[in-house]
Amino acid sequence: MAEDKAETQAFTPGPGYRQFKGRDEFPSNILHGTLACAIWIGSMHFNVSVLLFSFLFLPFSKFLLVVGVLLIFVVLPIDHNSKFGLRLARYICQHMSSYFPATLHVEDINDFHPDRAYVLGYAPHSVLPIGVVTLAERTGFMPLPKLKCLTSSPVFYTPFLRHIWTWLGASPATRKNFCSLLEAGYTCIVVPGGVQETFLMRHDSEVAFIKSRRGFVRIAIEKGCPLVPVFAFGQSHAFKWWKPRSKFLLQLSRAIKFVPMLFWGAFGTPIPYQHPMNVVVGKPIYVKRNPQPTTEEVFCFNVSLVEFIIIIVYCSAIMRLKSTTLCKCLMHVA
């Protein structure tokens with residue numbers, strides 16, 4: 001106890017430290033929060049439910065009609081500047097930030113400049129990386145006016161989901177698109193653990209699969225964009241889940257780019273549980289632009305990012321948040 005007290009007293013936030021509490025910034029209620037979660041997350045369940053209902057209870061011709069309508073929404077062009085879409089995205093971001101509630105901790109907000117692009121390495125993926133809502137452009141906590149979250153490609157072939165997530169700031173996680181966004185001045189949120197991290201999830205602790213993920217580090221060096229470590233505490237408690245563990249499932253997940261699994265929230269619905277989330281943003285790790293970085297250079301910055309997440313973010317979060325549950329969060333870094 002004495003050591004913990006001494007550590008807490010020894011820690012003093014720097015002048016650039018900022019804390020944004022979703023519930024204080026965006027007063028909301030359970031109805032708005034639930035609706036926001038249902039629109040963002042429930043849209044994928046909606047598609048499955050509609051297809052299943054149509055197949056079981058409608059004539060086959062009507063089932064084909066339903067499939068046809070859904071396919072139209074797969075190819076329907078998305079208006080990225082839709083006033084309705086952007087208002088909907090702002091509604092989702094603000095009310096979801098208040099729902100959990102989610103709190104964003106920024107180590108030094110003065111290190112972030114609106115006219116510069118950054119690569120935010122976000123962990124863990126969990127069932128869904130819903131903590132990114134605190135970083136979203138429509139939430140407005142971060143001083144970054146141009147921000148995108150790179151997302152697995154199946155999202156952009158899913159009816160309704162592709163529109164909603166695009167308005168929220170999602171963009172396909174391809175190398176070409178990643179590079180184009182950085183060149184255009186967009187800050188990109190990358191969840192490097194991806195499918196592998198979801199596959200390795202545990203019920204009792206957070207899992208970060210980062211050590212062997214170097215592609216995004218290489219691109220950051222090629223474009224000269226600072227790397228920023230981000231870790232979301234409490235995100236894994238938003239859903240309960242079940243998935244089989246087998247090599248076949250891992251291979252299948254890599255092929256289809258998502259993990260087939262069952263997950264549920266409050267009352268067995270896709271609405272996540274109201275569990276506090278704390279998203280910690282570390283200081284940028286500046287890199288020197290090199291169009292052809294060496295393997296050693298990429299490895300060096302990858303190690304720096306991992307060390308930063310394990311040591312700096314982990315320790316500062318424990319001292320600030322004073323939560324004993326954080327002590328287990330980073331015990332499994334693959």
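The structure presented is a predicted model; accordingly, all values stated were derived computationally and were not measured.
Two residues are said to be in side-chain contact when any heavy atoms from C-beta on lie closer than 4.5 Å; Thr174 and Ser153 fail this criterion. Between Val106 and Met142, the closest side-chain pair of non-hydrogen atoms falls below 4.5 Å. Residues Val119 and Ile219 form no side-chain contact, since every pair of their non-hydrogen atoms from C-beta on lies 4.5 Å or further apart. Using a 4.5 Å heavy-atom cutoff, the side chains of Leu120 and Val190 are not in contact. At a threshold of 4.5 Å between non-hydrogen side-chain atoms, the residues Cys179 and Lys223 count as touching. Proximity of His105 to Val281: side-chain heavy atoms (C-beta onward) are nowhere separated by under 4.5 Å. Contact check for Gln274 versus Phe100: no side-chain heavy atoms found under the 4.5 Å cut-off. Within the 4.5 Å cutoff, side-chain heavy atoms of Ser171 are placed close to those of Leu181.
When atom types are taken as modelled, the side chain of Tyr186 and the backbone of Lys146 share no donor-acceptor pair closer than 3.5 angstrom. A distance-only check finds no donor-acceptor pair linking the side chain of Ser126 to the backbone of Pro129 [under 3.5 Å]. Remark: the backbone N or O of Asp79 is paired with a side-chain donor or acceptor of Trp167 at under 3.5 angstrom. Between the Thr269 side chain and the Ile271 main chain, a donor and an acceptor come within less than 3.5 Å of each other. Between the side chain of Asn47 and the backbone N or O of Pro159 there is at least one donor-acceptor pair closer than 3.5 Å. Here the side chain of Thr151 pairs a donor or acceptor atom with the backbone of Cys149 at under 3.5 angstrom. For Thr134 (side chain) and Gly131 (main-chain N/O), a donor-acceptor pair under 3.5 Å exists by modelled atom type. Of the possible polar contacts, one joining the Arg218 side chain to the Pro293 backbone as a donor-acceptor pair under 3.5 Å is found. The closest donor-acceptor contact from the side chain of Thr139 to the backbone of Leu135 lies at 3.5 Å or more, if one exists at all.
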Carefully, step by step, assess Glu297 and Val287 under the rule side chain to side chain contact (heavy atoms under 4.5 Å, CB included). CA-CA 10 Å; Glu297 188 177 3; Val287 302; over 6 Å; no
Could you go through the side chain to side chain contact (heavy atoms under 4.5 Å, CB included) check for Cys93 and Leu168 one step at a time? CA-CA 8 Å; Cys93 289; Leu168 284 165; 3.7 Å; yes
Can you list the steps and then say if Gln94 with Arg138 is a side chain to side chain donor-acceptor pair (under 3.5 Å)? CA-CA 8 Å; Gln94 294 181 354; Arg138 298 298 160 187; over 6 Å; no
Quick one: do Ile164 and Ile39 satisfy side chain to side chain contact (heavy atoms under 4.5 Å, CB included)? Show the steps, please. CA-CA 8 Å; Ile164 295 170; Ile39 295 171; 3.8 Å; yes
Take Cys37 and Met96 through the test side chain to side chain contact (heavy atoms under 4.5 Å, CB included) and record every step on the way to the result. CA-CA 6 Å; Cys37 293; Met96 280 193 68; 3.9 Å; yes
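Aromatic pair Tyr118/Phe112: centroids less than 6.0 angstrom apart.
Of the listed residues (Phe239, Phe258, Trp241), just one forms a ring-ring contact (aromatic ring centres under 6.0 Å, His included) with Phe263, and that residue is Phe239. The side chain to side chain contact (heavy atoms under 4.5 Å, CB included) test with His125 singles out one residue from Glu197, Gln235, Met201, and that residue is Glu197.
Nearest heavy atom pair, residue Phe156 against residue Thr166, reads CE2-OG1, 3.7 Å. Smallest separation of non-hydrogen atoms from Asp108 and Gly16: OD1-CA, 3.2 Å. When all heavy atoms of Arg162 and Leu76 are compared, the closest pair comes out as NH1-O, 2.7 Å. For the residue pair Ala232 and Tyr122, the shortest heavy atom distance occurs at CB-OH, 3.2 Å. The shortest non-hydrogen separation linking Arg245 to Phe199 is NH1-O, 3.4 Å. Among all heavy-atom pairs drawn from Leu150 and Pro172, the shortest one is CD2-O, 3.9 Å.
By the 6.0 Å contact criterion, NZ on Lys21 is open, its count of non-hydrogen atoms from other residues, nucleotides or ligands being 12 or less. By the neighbour-count criterion of 12 heavy atoms within 6.0 Å, atom NZ of Lys240 is sparsely surrounded, having that number or fewer from other residues, nucleotides or ligands.
The distance from atom NE2 of His275 to atom NE2 of His237, rounded to the nearest 0.5 Å, is 4.5 Å. Atom CE of Met44 and atom OG of Ser49 lie 12.0 Å apart (nearest 0.5 Å). Atom CE of residue Met277 and atom OH of residue Tyr99 lie 10.0 Å apart, to the nearest 0.5 angstrom. Residue Leu58 holds its CG atom at 11.0 Å from CG of Leu64, rounded to the nearest 0.5 Å. Note that OG1 of Thr187 is 4.5 Å distant from CG of Leu144, once rounded to the nearest 0.5 Å. The distance from atom CD of Gln19 to atom CZ of Phe141, rounded to the nearest 0.5 Å, is 10.5 Å.
Relative orientation of the His95 and His32 rings is parallel, given thresholds of 30° and 60° on the angle between their planes. Ring planes of Phe160 and Phe73: tilted class, angle from 30 to 60°. Between Phe55 and Phe63, the ring-plane angle classifies as perpendicular under the 30° and 60° cut-offs.
For Arg289 and Glu222, the salt-bridge test fails: no basic side-chain N is under 4.0 Å from an acidic carboxylate O.
Tyr157 and Ile78 are assigned to two separate hydrophobic clusters, defined by single-linkage of ILVMFWY side chains at heavy-atom distances under 4.5 Å.
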